[in-house]
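These notes concern the structure reproduced below.
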Amino acid sequence: MDEKRKLLLKSLPKIDEVILLLEKRDIYALASREIVKETSQKVVQKLRDEIVNSSPKENIESTIDATYVAQAVEKLIKDLHSCRLQRVVNATGVILHTNLGRAPLAASALQRIFEVGCGYSNLEFDLARGERGNRYDHVRELICTITCAEDACIVNNNAAAVMLVLNTLAEGKEAIVSRGELIEIGGEFRIPEVMQKSAAIMREVGTTNRTRLSDYEKAIGADTGLILKVHTSNYRIVGFTEEADILSLAALGKRKGIPVMDDLGSGCLLDLEKYGLQHEPTVREAVATGIDVVTFSGDKLLGGPQAGIIVGKEEILGLIKKNPLNRALRIDKFTLAALEATLIHYLNPSQAASSLRPLKSLTEPLADVKKRASLLAGKLRRAKLAALTVSLQESFSAAGGGSLPLEKIPTVVVGVKNKKMSAGRLEAALRKVEVPIIVRVDKDEILLDLRTVTEDEFTFILEGLQQCLSKEDPVPS
Ligand SMILES: *Cc1c(COP(=O)(O)O)cnc(C)c1O
């Protein structure tokens, strides 16, 4: 080891010294003695490793004293006090952005979470009878009214719903599925792997582009437990294609006495065609085919909290509810409260289209998006942010969240360029401001897509840009 490193290692302070300094800075108001001590040890150990592993050329601190370490410990502890899961502005134009938390909740849903979470609740208590109740009863009636299903059950997310149904109906038995529907949704959800974990035996039929009803029929045998239909929600096979629709699959299942399941994924409860969008199968339509069970997400097109909703025949739902896996996958009271409030909007579908944010973003007329874009552009110009060039451009938004993959939704974006900062650097800087702004980058400018930005969020954008640009050198006039 070279001399410089030896000296550095020797200069590392004793933990007691560091703690003494931290005590003077009133560190115990922020964390316990144990946490302060352990954090100090970690910081010193990390510095020791850095010194030992650094190359001799590397520029590390010349001396490391107790003050230096104490400051590092204090910063780490202060950082722990600020929440890392935080609000951001989604200016990407991807409406159901899984990385950005999918559906923002309606005010009514947030209010219900607050009310239910503030105190105790009747989560599993039947107030009429004064005895133990069922947590799913609160929303069952609502889901069944909206979808026309006989019964419903809710779990943690749609992946869990699919797993639970497969395990209940096809454990150790064959589940027949088309080769054109062995999809990956992202985040490790792949139909073949989910089937394997559920202990169902995958029985593939047909080909990638063409699967006929007769392919399913031929595969049915003594080992068949289930026919599975998967909505190819995030891609489409186009060209020379054929698939069996769920109406004929439901009829086939009924004829053969085999349950049929449809994993709808995005779980649309509204007829999107009315708003000029492509047809997306609704849960009501799926249920109307007479299919046994349908699964869908709570936080995709539905616009509610993360949840997996299972609807279908009472007899089948009875089996699903009794599966011990159901207990492991059950949802919490906050999700139930938010889901209940979200579903209430669907009693009047046209109201849901304007009050639930993902649906509003999806169906909002281009003229309204444009108005909002002009408003933001005006505000940015008037804010006299240094060397900022602001423009309005036509572009396209996307539904995201594995729904409506072919839909290019017309939108208006605000393009922002800064002479002093490349688009890449500005994009990165906007991710680090107090309320981070997530944007698209196109060549030399950043684009703010107004389809996913509300007027309430303009102040965050203005403040964010101000924070980014104030760090830069003042622009010479
Ligand atoms: C999104 C999706 C899933 C997974 O749902 P999560 O709510 O993300 O768990 C499963 N199947 C299909 C068809 C989907 O689109």
Side-chain angles (χ1 to χ4, degrees), residues 94-105 143 152-167 169-170 175 177-198 200 202 211 226-237 243 245-246 249 260-269 272 278-283 285-287 291 293-312 320 325-326 328-332 335-336 338-339 342-343 358 362 398-407:
V94 179
I95 296 165
L96 293 164
H97 200 306
T98 299
N99 299 154
L100 303 183
R102 288 196 187 154
L105 291 180
I143 295 176
C153 172
I154 306 113
V155 289
N156 186 49
N157 55 16
N158 189 37
V162 173
M163 171 86 83
L164 176 61
V165 177
L166 284 169
N167 179 264
L169 300 176
V177 59
S178 162
R179 290 196 168 88
E181 294 172 7
L182 297 175
I183 60 166
E184 171 174 318
I185 294 298
E188 282 80 56
F189 183 93
R190 300 173 123 195
I191 289 289
E193 286 160 23
V194 172
M195 290 183 93
Q196 197 180 9
K197 283 283 174 208
S198 74
M202 182 167 69
T211 302
L226 178 75
I227 295 172
L228 168 65
K229 177 84 182 159
V230 186
H231 181 44
T232 56
S233 49
N234 59 355
Y235 75 105
R236 292 286 184 271
I237 296 179
E243 65 173 314
D245 59 43
I246 55 169
L249 283 175
V260 184
M261 156 185 186
D262 187 12
D263 173 21
L264 260 187
S266 44
C268 191
L269 299 179
L272 292 178
Q278 286 163 18
H279 182 74
E280 179 73 11
T282 66
V283 179
E285 282 166 10
V287 169
I291 201 163
V293 53
V294 180
T295 61
F296 56 99
S297 293
D299 57 351
K300 289 189 181 171
L301 287 174
L302 196 153
Q306 179 188 303
I309 302 168
I310 307 170
V311 298
I320 291 167
L325 248 189
N326 184 32
L329 302 173
R330 80 175 182 192
I331 55 163
D332 68 295
T335 307
L336 268 170
L339 186 62
T342 307
L343 287 168
L362 204 57
S403 45
L404 302 167
L406 302 183
E407 194 78 57

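In each ligand, atom 1 is the first atom listed, and ligand 1 is the first ligand listed. When a residue number appears, it is its place in the shown sequence, counting from 1.
A donor-acceptor contact under 3.5 angstrom links the side chains of Ser266 and Glu280, judged on distance only.
Using a heavy-atom distance under 4.0 Å as the criterion, the protein contacts of ligand 1 are Arg102, Asn157, Asn158, Ala159, Ile183, Ile185, Phe189, His231, Ser233, Asp263, Gly265, Ser297, Lys300.
Remark: Leu325 CG to Ser198 OG distance equals 9.0 Å, nearest 0.5 Å.
Nearest heavy-atom pair across Pro192 and Leu182 is CG-CB, 4.2 Å. Contact detail for Ala200 and Ala175: the closest heavy-atom pair is CB-CB, 4.4 Å.
The side-chain contact (heavy atoms from CB on, under 4.5 Å) test applied to Arg179 returns Glu204, not counting sequence neighbours.
Distance alone, capped at 3.5 Å, places no donor-acceptor pair between the Asn158 side chain and the Ala161 backbone.
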